[in-house]
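Structure, as structure tokens:
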Amino acid sequence: EVQLVESGGGLVQPGGSLRLSCAASGFTFGSADMSWVRQAPGKGPEWVSGISPSGLTTDYADSVKGRFTISRDNAKNTLYLQMSRLTHEDTAVYYCATGRRPGPVLARRAQWGQGTQVTVSS
């Protein structure tokens, strides 16, 4: 079955960087649109970034543009999210998801992984 396993989360200071990884299995990763979604404490989920199967097309939420970079390595069936200049507002559980556009991705929680916690604090 489809399996998405996020890793790389943890505690980081404001202004710091962190790289998240998502190991995919159970489907043809190389032909799938992928996204990152996050959910902060007490808030609803927020679509963060999406990427086309080839990696040539990427999209970002305004809140992370210029700071986050989404990428993928299809040979390793792995999706990445490089996060830089982190702030308290980036604190959330981060999920890997199939799909690319915000609406469809957010509407289908069953297509997300289990999530990894990112905490930005001094």
Side-chain angles (χ1 to χ4, degrees):
E1 74 283 8
V2 173
Q3 187 171 11
L4 299 171
V5 181
E6 299 91 338
S7 63
L11 178 64
V12 62
Q13 295 184 346
S17 299
L18 209 58
R19 188 181 77 159
L20 306 183
S21 297
C22 170
S25 62
F27 66 104
T28 307
F29 179 78
S31 65
D33 290 317
M34 299 295 296
S35 287
W36 286 98
V37 171
R38 67 184 181 185
Q39 187 163 17
K43 297 186 177 181
E46 175 190 18
W47 174 87
V48 173
S49 184
I51 188 168
S52 64
S54 68
L56 294 177
T57 303
T58 58
D59 302 281
Y60 300 91
D62 288 341
S63 58
V64 306
K65 281 182 181 175
R67 300 189 299 118
F68 290 13
T69 300
I70 189 171
S71 63
R72 65 194 298 161
D73 187 337
N74 289 344
K76 296 181 178 180
N77 282 5
T78 303
L79 180 73
Y80 302 99
L81 185 67
Q82 177 65 51
M83 307 183 294
S84 300
R85 301 192 300 282
L86 288 162
T87 74
H88 173 73
E89 287 68 37
D90 295 314
T91 294
V93 177
Y94 284 72
Y95 301 91
C96 176
T98 58
R100 179 172 155 221
R101 296 185 176 85
V105 170
L106 292 174
R108 292 178 286 184
R109 173 63 181 84
Q111 304 300 318
W112 307 357
Q114 87 292 336
T116 185
Q117 176 72 51
V118 172
T119 302
V120 183
S121 177
S122 59

Common cluster, Val37/Leu18, ILVMFWY with side-chain heavy-atom separation under 4.5 Å: no
Sub-4.5 Å side-chain heavy-atom contact between Thr98 and Leu4: yes
Minimal non-hydrogen separation, Gly30 against Pro53, with atom names: O-CB, 3.5 Å
Heavy-atom donor-acceptor pair, Arg19 side chain to Gly8 backbone, under 3.5 Å: no
Linked, directly or transitively: Met83 and Val12 (ILVMFWY side chains, under 4.5 Å): yes
By side chain to side chain contact (heavy atoms under 4.5 Å, CB included) - contacts of Asp90 (at least two apart): Arg38, Arg67, Phe68, Leu86, Thr87, Tyr94, Val120
Verdict with supporting geometry, Arg100 and Val105, side chain to side chain contact (heavy atoms under 4.5 Å, CB included): CA-CA 7 Å; Arg100 179 172 155 221; Val105 170; 5.7 Å; no
Ile51 vs Ser35, side chain to side chain contact (heavy atoms under 4.5 Å, CB included): CA-CA, chis, key distance, verdict: CA-CA 6 Å; Ile51 188 168; Ser35 287; over 6 Å; no
Exercise: identify the closest heavy-atom pair between Ala97 and Trp112: CB-CD1, 3.5 Å
Asn77 vs Ser25 side-chain heavy atoms within contact, under 4.5 Å: no
Validation row: Phe29, Val2 side chains within 4.5 angstrom (heavy atoms): no
Backbone of Glu6 reached by a side-chain donor or acceptor of Gln114 within 3.5 Å: yes
Arg108 atom CZ, over 12 foreign heavy atoms within 6.0 Å: no
Contact check, side chains of Trp47 and Asp59, non-hydrogen atoms, under 4.5 Å: yes
Distance in Å, Arg72 CZ paired with Asp33 CG, rounded so as to fall on 0.5 Å steps: 7.5 Å
Between Glu46 and Ser63, a side-chain donor and acceptor under 3.5 Å: yes
Heavy-atom side-chain contact between Pro45 and Tyr95 under 4.5 Å: no
Sequence neighbours excluded - disulfide (SG to SG under 2.5 Å) pairs with any residue from residues 30-88: none
Interatomic spacing from OG in Ser71 to CG in Leu79 - rounded to 0.5 Å: 7.0 Å
Minimum-distance pair of heavy atoms, taken over all atoms of Arg85 and Ser17: N-OG, 4.3 Å
Summary of disulfide (SG to SG under 2.5 Å) pairs that have at least one residue in residues 72-115, sequence neighbours excluded: Cys22-Cys96
Matching residue for Tyr80 among Asp73, Ile70, Leu20 - test: side-chain contact (heavy atoms from CB on, under 4.5 Å): Asp73
Gap between atom CD of Gln117 and atom OG1 of Thr91 - 0.5 Å precision: 7.5 Å
Single-linkage hydrophobic cluster, 4.5 Å side-chain cutoff, Met34 and Val64 together: yes
